[in-house]
Amino acid sequence: MKYVLFLCAPAGDEETADGLLDAGPRTADWCADGPGRGADPRLAAYADEVRRRAAGRGGARLRTGADATTVRVRDAEVLLSDGPFTRADAYIAAFDVVEVADLDEAIALAARHPAALGGGAVEVRPVWE
Amino acid sequence: MGVSGTGEGEEGGPAAGASAEEAVADASAEEAVTDASAEEAVADASVERVVADAFRGEWGQVVATLIRLTGDWDLAEECAQDAFAQALDRWPRDGVPRRPGAWLTTTARNRARDVLRRRALGAEKLKEAAVLARDDEPYHPGPDGDGDDDVSDDRLRLIFTCCHPALPIEARVALTLRTLAGLTTPEIARAFLVPEATMAQRLVRAKRKIRNAGIPYRVPPAHLLPERTTGVLGVLYLLFNEGYAATEGADLVRRNLCAEAIRLARLLARLMPDEPEALGLLALLLLHDARRETRTDAAGDLVTLEDQDRSRWDRAEIDEGTALVESALRRGSPGPYQIQAAVSACHTGAATAADTDWADIAALYGELLRHVPTPVVRLNRAVAVGMAEGPQAGLDLVAELEREGDLAAYHLLPATRADLLRRLGRGQEAAQAYARALRLAENEAERRFLRRRLEECGGAS
């Protein structure tokens with residue numbers, strides 16, 4: 001099955017990000033723009049595990065919520081708002097797509113990711129197939 | 001997404017059990033008013049009793065095996081229900097098969113194959129029919145030949161899947177009761193005091209998540225087994241406590257949760273013979289259950305362990321529970337359930353409250369703290385120490401907990417202080433502590449108990 005791992009950082013990181021026009025220092029370590037390229041050694045361990053299971057199916061690091069635009073259409077009118085459509089206490093800093101046998105394997109990968117290990121969270125969402 | 005189909009399955013599922021039970025009653029009524037020979041009526045009634053017993057004993061296994069074969073939880077329930085309906089129809093005529101469980105599973109499997117074939121017709125869904133194709137030959141019960149190991153594995157798979165930690169805890173409990181124990185959705189709703197529609201929705205969502213999120217139908221691999229087993233034990237313990245908390249006037253289904261939890265714990269202990277904590281849980285439940293009837297008086301007021309009528313404790317449950325916890329502890333791998341069961345055995349093994357070996361209990365709580373280092377366990381230990389070494393020693397431990405403040409909102413902290421002070425004869429201070437406990441307690445029976453104690457200490461409530 002395919003799953004998207006939404007790699008969420010605590011909102012505090014994003015505030016730092018606003019100042020730096022980049023993700024906060026801790027988050028930047030684990031949401032580098034390619035698997036295994038961040039400075040956080042735990043990211044390398046996660047990336048190794050993804051490779052070992054041949055589970056990687058893409059993913060991306062995202063600009064912060066400050067750069068997001070949320071789009072809604074109501075009565076044929078396009079309504080835009082500045083910022084992310086996500087919970088206030090965390091934001092999606094990156095996502096990975098993985099293909100594994102079942103939820104237990106997806107959880108095993110998510111539990112190795114620095115986002116889960118250090119203050120943030122990983123939302124595991126099955127892909128609609 | 002098959003939601004409406006699920007709804008039908010939910011409503012239909014219970015029918016087999018309910019009608020089996022009703023049929024037993026009908027048969028005896030008919031006996032009195034019709035010309036049917038008494039002998040025949042008795043034979044019918046006994047067959048129907050066999051079907052009802054088979055429902056209690058085999059439902060979970062039939063559903064578990066059908067889920068493995070079809071991967072479809074709703075279809076599995078539907079076909080299991082159909083098999084029990086057929087048993088009710090055919091066993092009185094053809095006689096009860098030598099192995100009712102195997103007969104029911106085969107009948108359900110044949111039904112599933114028919115359904116899947118019909119679905120596949122013209123729908124290009126041949127894949128689904130192929131699932132059961134390998135079981136195409138009709139079932140011939142050999143001397144021993146239908147693989148009890150597979151069947152046991154199926155039930156374990158079902159237990160672990162129902163109790164998967166990715167499901168919300170209420171759903172784990174409900175799903176276990178529905179698919180494994182065979183309780184109907186309305187029964188489960190009544191037991192948990194929620195509207196039937198809410199419970200039906202909870203079950204539908206849980207089954208949908210199992211399918212859509214890819215929750216595997218299996219016994220977890222070795223590296224996951226310890227934590228997942230703890231999760232299963234936790235679900236069964238919660239189930240028991242729901243029933244244990246039910247008062248005398250509560251719905252029978254709710255009170256029967258204790259019996260269901262014991263039945264499931266017994267099954268788990270049999271399926272996991274190498275897991276001493278499964279034995280420990282079964283022992284703990286039996287030892288608690290043995291005292292159930294004496295925990296409240298006729299007015300519904302709490303009766304403390306000290307004042308319970310020990311002659312009314314269930315001796316058979318005590319003997320079984322005690323033997324189980326002893327055999328579990330001999331394996332040399334103690335865990336929270338075994339230790340709590342050992343504490344319970346200390347209580348139930350004492351002829352009178354005064355004979356209780358509190359030093360032993362205090363030591364057991366000390367051991368429990370190494371596994372479960374929580375303030376509540378420390379409070380329990382404080383009570384035991386207070387009994388073993390005198391109230392002052394208990395008060396010292398309570399004071400420590402009060403300083404740390406973790407239990408500030410927990411009514412049993414001031415209630416324990418109050419009890420220790422009462423034993424020291426410091427009535428006025430005890431009354432103050434009882435009043436504090438009363439402000440925090442929510443359960444009505446506990447509040448009445450605290451009020452009574454407060455008045456005994458000369459305080460006004």
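Proteins get letters first, then strands, A, B, ... in listed order; numbering begins at 1 in each. Below, all heavy atoms of this structure are taken into account, side chains as well, without hydrogens, waters or symmetry copies.
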From B:N212 atom CG to A:M1 atom CE, the distance as rounded to the nearest 0.5 Å: 7.5 Å
Closest approach of B:A213 to A:P126 (non-hydrogen atoms, all atoms of both residues): CA-CG, 3.7 Å
From NE2 (B:H164) to CG (A:L103), nearest 0.5 Å: 5.5 Å
Whether over 12 other heavy atoms sit under 6.0 Å from B:R331 CZ: yes
